[in-house]
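All remarks here apply to the structure that follows.
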Amino acid sequence: MSMEKIVSLCKQRGFLFQSSEIYGGLQGFWDYGPLGVELKRNVKEAWWREMVNCHDDMSTLPGAPTPYAMEGLDCTIIMHPQVWKCSGHYDLFHDYMVDCKETKKRYRHDQLNGRWVQAKGRKAFITAPAGDDEVELIQKHALKHFGLRNKNIDDLVYDGDVICLTEVDDLSQVVGPDTKAIGSLTEPREFNLMFKTFVGALSGEEGTAFLRPETAQGIFVNFKNVLDSTRHRLPLGIAQIGKSFRNEITPRNFTFRSREFEQMEIEFFCHPDQSQDWYTFWRDRRLDWYHTYGISEDRLIMREHAQDELAHYSIGTADIEYAFPFMAEGEFGELEGISHRGDFDLRSHMEGKLDENTNPLELQLGEDGKPKWKGSGKDLSYRDDLSGEKYIPHVIEPSAGADRATLAFICEAYHEDQQPDENGKMQSRTVMKFHPRLAPIKAAVFPLVKKDGMPEVAKKIYLDLKKRFKVFYDEKGAVGRRYRRQDETGTPYCITVDGQTLEDQTVTIRDRDTLQQQRIKIEEIAAVIQERLDR
RNA sequence: GCGGGUGUAGCUCAGUGGCUAGAGCGUCACGUUGCCAACGUGAAUGUCGACGGUUCGAAUCCGUUCACCCGCUCCA
């Protein structure tokens with residue numbers, strides 16, 4: 001399955017366009033066309049419907065420890081700047097990078113260590129990637145730089161201990177980690193992964209704010225509000241769908257890595273003792289969701305992160321990954337991450353930014369020994385009225401990308417098959433086999449021919465159906481051609497008015513995948529479509 | 001950010017310094033047909049990615065830039 005064909009169909013049929021295309025496009029930004037917007041709305045609606053509105057909070061779902069409540073939320077894109085300091089995004093997303101002009105490699109400024117070394121009457125700051133073996137690496141590298149052999153190791157005179165590159169002001173005296181040349185590193189440049197903007201008329205540090213890089217934090221800071229206003233007991237899930245922004249260095253692969261994207265996130269708050277079970281529950285439930293909507297099992301994998309990839313407080317993180325056609329054989333791209341976040345987020349917003357490398361979690365301190373980022377000071381713990389127990393809930397976070405899911409459904413739907421034409425000769429057909437609930441258009445209505453009163457009947461059926469479903473009317477050209485056009489947009493059902501309709505008030509309903517036609521009464525059409533969408 | 005490739009009609013692409021820039025598919029109209037990409041006739045559609053340069057003359061050569069694809073790099 002080639003990605004080019006899928007991209008081409010998306011453009012041609014109106015699923016996806018490049019943003020600002022007439023001006024040459026903008027890297028990492030994509031627009032949804034008439035069909036794309038319907039598809040994406042359906043993806044989000046399917047998620048919201050199953051996770052939130054149709055959630056059964058009276059029963060214990062398969063694999064769940066207990067029943068639980070679900071609520072929705074819609075927060076602003078711009079939030080108080082302190083939110084991002086306590087969440088860790090501010091520190092994490094403000095990387096300074098240096099480039100090596102010789103090797104074209106890029107390093108994080110704070111992840112290169114080095115030492116001042118003198119030899120042969122010269123002095124240089126020799127660097128190596130920070131790590132356990134940095135002292136040996138620096139020594140080896142220094143020998144190379146000064147053109148010395150191992151036996152002359154005593155000629156190297158160290159001036160001071162290993163320090164971070166950030167403490168060196170003059171980069172012209174620095175030797176990059178993968179080169180012999182001195183002064184090949186550029187000045188550190190800031191890579192702002194969060195989009196910056198200004199609140200208020202004055203543009204200065206005072207009013208600096210950020211476009212959210214994830215929707216999750218809006219849920220954490222509103223946790224208490226939702227709890228207080230709904231009278232729910234834990235466990236409670238809070239869901240949100242919304243835009244997020246990340247200034248990706250290399251947007252690539254169609255909409256897969258975009259700078260503006262939409263997330264579908266749940267923060268699930270539960271008792272710490274049950275968090276392991278809930279983690280397992282959500283991991284399996286979310287995987288099933290993709291299967292329900294037609295992603296085949298062999299193109300979807302669950303990848304559990306290894307223990308050393310996890311933050312210390314986390315029991316587990318699993319990615320649901322899809323074999324996108326633009327990825328190499330055997331490689332997968334992330335659709336959704338399900339992580340156990342412990343009480344890291346709520347406590348950080350209470351006490352101040354915690355250090356994720358500590359266990360148990362401790363407040364991260366600045367150079368002055370005070371908290372690096374102050375929290376809100378508000379009590380975000382939960383008191384169980386029945387048991388009287390008071391605790392800070394643990395959080396399970398299933399975080400899905402709406403655009404990535406939509407792209408996966410597009411890729412999965414794309415099929416080329418062989419179907420007979422009117423002479424019985426096999427012709428190739430492009431068909432988008434969307435799950436009927438996701439399909440942008442649910443049904444098309446055709447008069448078999450544009451005469452004998454058929455268009456009039458068909459138009460009336462069309463207008464009736466339009467009140468309940470996204471439907472499409474077409475009377476132009478041969479009916480076979482109209483069927484094929486609907487196949488290409490993924491319309492699951494075609495309703496055709498023919499000669500017999502005028503006699504007995506029946507039409508045919510054609511199935512996109514089997515091409516089978518069934519004769520049904522006009523008054524039953526809506527019910528038949530609804531029944532097929534529901535099953 | 002680096003290296004390589006690409007950019008011409010809605011889509012796929014041809015066109016290597018010289019007439020008004022082409023094909024297939026698609027789109028539209030009319031006629032004919034009447035259940036799975038029919039046929040005939042006719043029509044519309046291009047800042048040749050953008051900017052600048054060389055030239056009597058540039059889609060074509062040169063420079064810059066933007067976007068996409070591939071490989072590095074990066075990736076909460």
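The basis for the numbers below is simple: all heavy atoms, side chains too, and nothing from hydrogens, waters or symmetry mates. In what follows, chains are A, B, ... by sequence order, proteins preceding strands, each numbered from 1. Not measured: the values here are computed from a predicted model.
- In this model, a donor atom of one side chain and an acceptor atom of the other lie less than 3.5 Å apart for A/Y322 and A/E412.
- Minimum interatomic distance between A/C75 and A/Q240 (heavy atoms only, all atoms of both residues): N-OE1, 2.5 Å.
- In this structure, of B/rA67, B/rU12, B/rC74, it is B/rU12 that holds the atom nearest to the side chain of A/S8.
- The side chain of A/T496 lies closest to B/rC35 when the candidates are B/rC35, B/rA67, B/rC36.
- Side-chain proximity of A/R482 to B/rA37, B/rG34, B/rC35: nearest is B/rG34.
- With 3.5 Å as the limit, one finds no donor-acceptor pair spanning the side chains of A/T430 and A/E416.
- Set against B/rC11, B/rA37, B/rC35, the side chain of A/K11 has B/rC11 as its closest nucleotide.
- Nucleic acid contact for A/S399: none, since no nucleic acid atom lies under 4.0 Å from a heavy atom of the residue.
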When every nucleotide of nucleotides 22-29 of chain B is labelled 5' to 3' by its protein contacts under 4.0 Å (heavy atoms), B for base, S for sugar-phosphate only, - for none, what sequence of letters results?
----SS-S

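- Residue contacts for A/K451: at a heavy-atom cut-off of 4.0 Å it reaches a base atom on one of the strands shown.
- If you check every strand for non-hydrogen atoms under 4.0 Å, A/E488 touches a base.
- Set against B/rA38, B/rC70, B/rA37, the side chain of A/A478 has B/rA38 as its closest nucleotide.
- The cationic atom of A/R404 (NZ for Lys, CZ for Arg) lies less than 6.0 Å from the six-membered ring centre of A/F256 and within 45° of the ring axis.
- Of the N and O atoms on the side chains of A/H340 and A/T317, not one donor lies less than 3.5 Å from an acceptor on the other residue.
- Figure legend. B/rG17 is base-paired to no nucleotide; pairs are counted as Watson-Crick or G-U wobble with both atom distances under 3.5 Å.
- Each of A/G480 and A/W30 lies near RNA chain B, and the nucleotide nearest A/G480 is the one positioned closer to the 5' end.
- Residue pairs meeting the side-chain hydrogen bond (donor to acceptor under 3.5 Å, both in side chains) criterion with at least one member in residues 514-525 of chain A, sequence neighbours excluded, are A/Y483-A/Q517, A/D498-A/R519, A/Q500-A/R519, A/T506-A/R519, A/T508-A/Q517, A/D511-A/T514, A/Q518-A/R532.
- Sequence order on RNA chain B of the closest nucleotides to A/E21 and A/R429 puts A/E21 first from the 5' end.
- Donor-acceptor pairing under 3.5 Å is lacking for the side chains of A/Y90 and A/Q82.
- Between the side chain of A/Q517 and the base of B/rC35, a donor-acceptor pair under 3.5 Å is found.
- Residue-level contact check: A/F446 touches neither bases nor backbone, having no heavy atom under 4.0 Å from any strand.
- The shortest distance between the side-chain N/O atoms of A/N253 and the OP1/OP2 oxygens of B/rC70 is below 4.0 Å.
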Got a list of protein N/O to nucleotides 13-15 of chain B N/O distances below 3.5 Å?
none

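- Among the atoms of the strands shown, none is found under 4.0 Å from any heavy atom of A/G499.
- Judged by a 6.0 Å distance limit and a 45° cone about the ring axis, A/K442 is not positioned over the six-membered ring of A/F469.
- Residues A/T215 and A/E265 have side chains that bring a donor and an acceptor to within less than 3.5 angstrom of each other.
- A salt bridge (charged side-chain N to carboxylate O under 4.0 Å, His left out) with A/E262 is found for exactly one of A/R212, A/K243, A/K44, namely A/K44.
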